[in-house]
Every structure is written in C-alpha cells, then in structure tokens.
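Following: one structure in structure tokens, then a few remarks.
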Amino acid sequence: MSLVDLQDTRKRAVSAIALLSIALLGCSKPDSLGINPFVTKDSAERFSLNKQQIQKTYDQSLSRDYLAILGSQLGRSMILNSYWHFLGMLESRSTPETLRGTFTELGYFSAPTLTTFDKFCIPDNPYAGAVIVRLQSLEMASPPCSSNSGVTRIPLGHSMRGFIASESNRFATAIPLDVLAKVSRQDRPITWNDLNPKWPKRPIRWIFNSQTDFKEDLTILGIKTPSKYLLAASYERAFLNVSNHPDNLLFSPTTPSKKAQLQGARFRIIPIQVSRNKAAIEPLANTIDLYPPELVRTVFLYISPRNPNKCIIYDFADFVLSHNAILMNENNLIPLRTKEREQALLEIQRHRGFQPKDAASPLCRDYQKSPHESSTHIKELQP
C-alpha cells in the first residue's frame with residue numbers, strides 16, 4: 001500500500017487522533033444506572049435496540065486507553081502525520097472488532113526537550129513515549145533517563161539548525177561561526193559589520209523560539225547568548241515574524257521546504273561557514289555530512305517499558321523506520337542514513353524479543369503478521 005493510498009483512508013479511518021487533554025485525563029465510567037446520552041428508553045424501544053448491549057459498548061468506549069506522547073514541538077507534525085499513515089495500514093490488516101476494541105487514539109503534548117526529560121523520566125508518568133531532539137553525541141553519552149529505567153531510545157530522523165533572515169536583507173551571504181563565537185563575548189550588541197566588514201554597522205536583532213533549547217545550542221557552538229532578543233511562542237511564529245525587519249536574524253531548526261510550508265512568510269535561509277575562509281554550506285539533506293555536526297540534531301523516540309501500550313509504540317517506530325525516507329521528507333525532517341536505520345530496526349527487534357508473543361495486543365499481532373513489512377526488511381513505500 002502506498003502512502004497515497006494510506007492518505008485516502010483518513011476519511012474512513014475507524015479511529016481519530018485524540019489531541020485534547022482527555023488523552024491524559026481519560027473519562028470516568030458511568031454508574032450502574034446507565035447514562036448513555038445518545039439512546040433514551042423511548043428510542044431503544046421504538047427501534048428494538050438492545051439497551052444492555054448499547055450501554056456496555058458505551059461504557060467500554062469511555063474506559064478506553066489513550067496513548068500520550070510528550071515531546072518537542074519540532075517532532076509534533078511528523079509523529080501525528082506518520083500515525084495517520086500507521087492507522088491506515090492497520091485498517092487494511094485488522095478487523096473492525098480489533099480496531100474498535102484496541103487502543104488507537106494518540107495525544108501529543110508539546111514541551112521543550114529539557115522539560116520533556118524532567119516529565120518523562122519520572123516513575124509512573126502517564127506517557128507511553130517521548131520525542132527528544134538533541135545533539136546525537138550528547139544524547140548517546142548516557143543511557144536514556146537512567147541506566148536502570150529500561151527506557152528504549154530509537155532514532156527516527158535528523159534536523160538541522162540554521163540562520164534565517166528577512167528577504168529584505170540582501171547583504172548577508174553566509175554566517176561565519178568562528179567569528180560569531182568570538183564577537184559574541186564582547187560587552188556590546190553584535191553588529192552585522194562585526195561578522196563582515198562589508199555589511200552594515202547595525203545591531204543584529206536576534207529571534208529565538210521558546211520551544212527550542214537555544215541557549216544550550218548556542219553554548220555548544222561557543223556562542224554567548226545575546227542579552228536582548230525576541231522570543232517567539234512557536235517555530236512557525238518565529239519564521240512569520242522574521243520579515244518584520246531587515247536586521248532580524250532567527251536561529252532555529254530549519255529545512256529547505258520550510259518556505260513552501262509557511263505561505264506568506266518572507267524569509268531566506270543564510271548558509272553557514274565553519275570559519276570565514278571556508279566554503280559556505282546550506283542546510284540541505286544532501287549536505288548533512290558536510291554540515292557542522294554541532295548544528296545537526298537527531299530526533300529520538302523514547303519508549304516506556306512500563307506502559308501497557310508499549311508494543312504499539314514499538315510497531316509505530318518500526319513503521320516509521322521502514323518507510324523513513326518518505327515520512328521524514330514529508331514532514332520537513334531529514335531521513336536517517338541507511339546504517340542508522342538498520343541499527344534502529346535491530347534495536348526494536350531486540351526489545352520485542354523480551355515480550356512473550358501471546359502477551360502482545362491483537363493490534364500488534366496484526367501489524368507483525370505480514371512478512372513483507374517485517375522489521376527485518378527495509379522497504380520504502382512509494383508515493
């Protein structure tokens with residue numbers, strides 16, 4: 001089944017993605033008298049409906065489990081869009097009874113990476129998974145959460161940090177990182193002229209967004225955080241606001257397709273230079289191995305071993321990895337390299353081995369029963 005086919009199933013999918021706080025809070029079960037608001041005594045008798053069966057089905061619908069994922073706003077659209085495809089694929093394999101009787105809803109709650117760590121890594125948290133966007137070398141320096149947590153960490157894709165200016169800024173050609181790091185330590189605001197003598201001697205108007213741990217990102221580059229800056233509430237808002245002034249400079253996760261995604265936003269992505277004498281590099285998928293590793297972030301999916309729905313999250317991760325290139329490109333992220341993807345699939349397979357096959361939910365068994373989509377074969381769906 002192609003992703004185009006999967007997209008067509010959105011209109012007829014038997015389950016909808018839950019995006020409200022109900023995904024965390026759940027619902028209370030009706031009392032023994034029955035409180036189904038959709039069927040009255042008169043309507044049941046008029047249409048010869050089985051009131052007990054109706055009430056039982058209604059009670060079950062209110063007590064269903066919801067999967068909650070906490071994570072960076074950067075990964076939100078990728079997780080939700082990929083999950084729609086995942087549901088469409090499950091619909092083709094499972095019976096309506098399995099889909100109705102098994103967890104299928106997803107709630108995604110955005111938080112900065114450091115906040116996500118704090119909330120997800122505590123015992124008995126309500127989240128089945130978390131999306132962490134972090135420098136890979138920093139992330140891999142220690143086990144996820146703690147050595148005794150049992151949390152699984154699966155890479156899904158990459159993101160690149162870049163510098164974005166207004167379209168009205170016609171002078172900035174490339175940002176030299178070494179010069180920027182040096183002049184950031186001075187006791188006055190950085191001017192464009194500090195980065196290149198040919199540029200205007202006007203202060204840079206810095207923009208960051210609250211969903212990015214930008215202070216940590218700048219520290220990794222050796223750049224001192226400016227004392228004054230504008231702070232946007234979201235990635236999209238930061239890009240939309242950058243065109244307000246030619247001296248605005250946004251430091252943010254970015255992709256070449258960002259402009260097509262944000263209609264009406266007038267900005268351009270400025271290439272970077274490792275040093276002033278080096279060639280300029282744009283943040284493109286095919287330049288990821290040339291791009292400074294300090295500006296590359298990896299999107300990790302954390303999976304909780306204590307959550308009863310963990311097998312579904314493992315299957316979802318398997319699905320994203322099996323169709324990694326098209327799902328990452330579709331959602332403004334960079335696919336994993338082939339070796340990274342193979343290792344991640346093996347990691348999923350290893351953790352699945354710890355769970356008895358008869359303990360898996362019917363939904364998981366339906367996903368894993370088709371050999372041509374198994375985690376031992378990496379096969380891209382064609383759009």
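Values reported hereafter were calculated over all heavy atoms of this structure, with side chains retained and with hydrogens, waters and symmetry mates removed.
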Ring centers of [X], [Y] separated by less than 6.0 Å:
X      : Y      : answer
Phe267 : Phe239 : yes
Phe316 : Phe319 : no
Tyr302 : Tyr127 : no

Checklist entry - Do the ring planes of Trp199 and Trp192 sit parallel (below 30°), tilted (30 to 60°) or perpendicular (above 60°)? => result perpendicular

Going from [atom1] on [X] to [atom2] on [Y], what distance comes out if it is rounded to the nearest 0.5 angstrom?
X      : Y      : atom1 : atom2 : value
Phe208 : Leu231 : CZ    : CG    : 9.0 Å
Arg76  : Leu80  : CZ    : CG    : 5.0 Å
Lys228 : Leu230 : NZ    : CG    : 11.5 Å

Quick one: closest heavy-atom pair of [X] and [Y], and the distance?
X      : Y      : value
Arg297 : Glu294 : NH1-O, 2.6 Å
Ser159 : Leu74  : OG-CD2, 3.4 Å
Ile269 : Thr254 : CD1-OG1, 3.4 Å
Gly222 : Ala181 : O-CB, 3.5 Å

Next on the checklist: Pairing donors with acceptors under 3.5 angstrom, does anything connect the side chains of Gln186 and Asp194?
Outcome noted: yes

Next on the checklist: Any donor-acceptor pair under 3.5 Å linking the side-chain atoms of Asn169 with those of Ser166?
Outcome noted: no

Do [X] and [Y] have side chains that get closer than 4.5 Å, going by heavy atoms?
X      : Y      : result
His85  : Leu327 : yes
Arg202 : Asn193 : no
Val131 : Thr116 : no
Met89  : His323 : no
Val296 : Ile288 : yes
Pro271 : Thr173 : no

Is a side-chain N or O of [X] found less than 3.5 angstrom from the main chain of [Y], in a donor-acceptor match?
X      : Y      : answer
Asn324 : Leu336 : yes
Gln73  : Tyr235 : yes
Thr287 : Leu290 : no

Item to check | Tyr229 vs Phe214, ring pair (Phe, Tyr, Trp, His ring centres under 6.0 Å): CA-CA, chis, key distance, verdict | outcome: CA-CA 12 Å; Tyr229 51 83; Phe214 61 91; 5.3 Å; yes

Item to check | Residue that, paired with Ile190, satisfies side chain to side chain contact (heavy atoms under 4.5 Å, CB included) out of Ile223, Val179, Leu180, Leu249 | outcome: Leu180

Checklist entry - Given Phe163 and Leu250, is the side-chain contact (heavy atoms from CB on, under 4.5 Å) satisfied, shown in steps? => result CA-CA 6 Å; Phe163 294 88; Leu250 169 65; over 6 Å; no

Item to check | Worked verdict on Glu340 versus His158 for side-chain contact (heavy atoms from CB on, under 4.5 Å) | outcome: CA-CA 11 Å; Glu340 292 174 320; His158 298 295; 3.0 Å; yes

Next on the checklist: One pair to check against side-chain contact (heavy atoms from CB on, under 4.5 Å): Ile270 and Ile164. What are the steps and the verdict?
Outcome noted: CA-CA 6 Å; Ile270 303 178; Ile164 298 92; over 6 Å; no

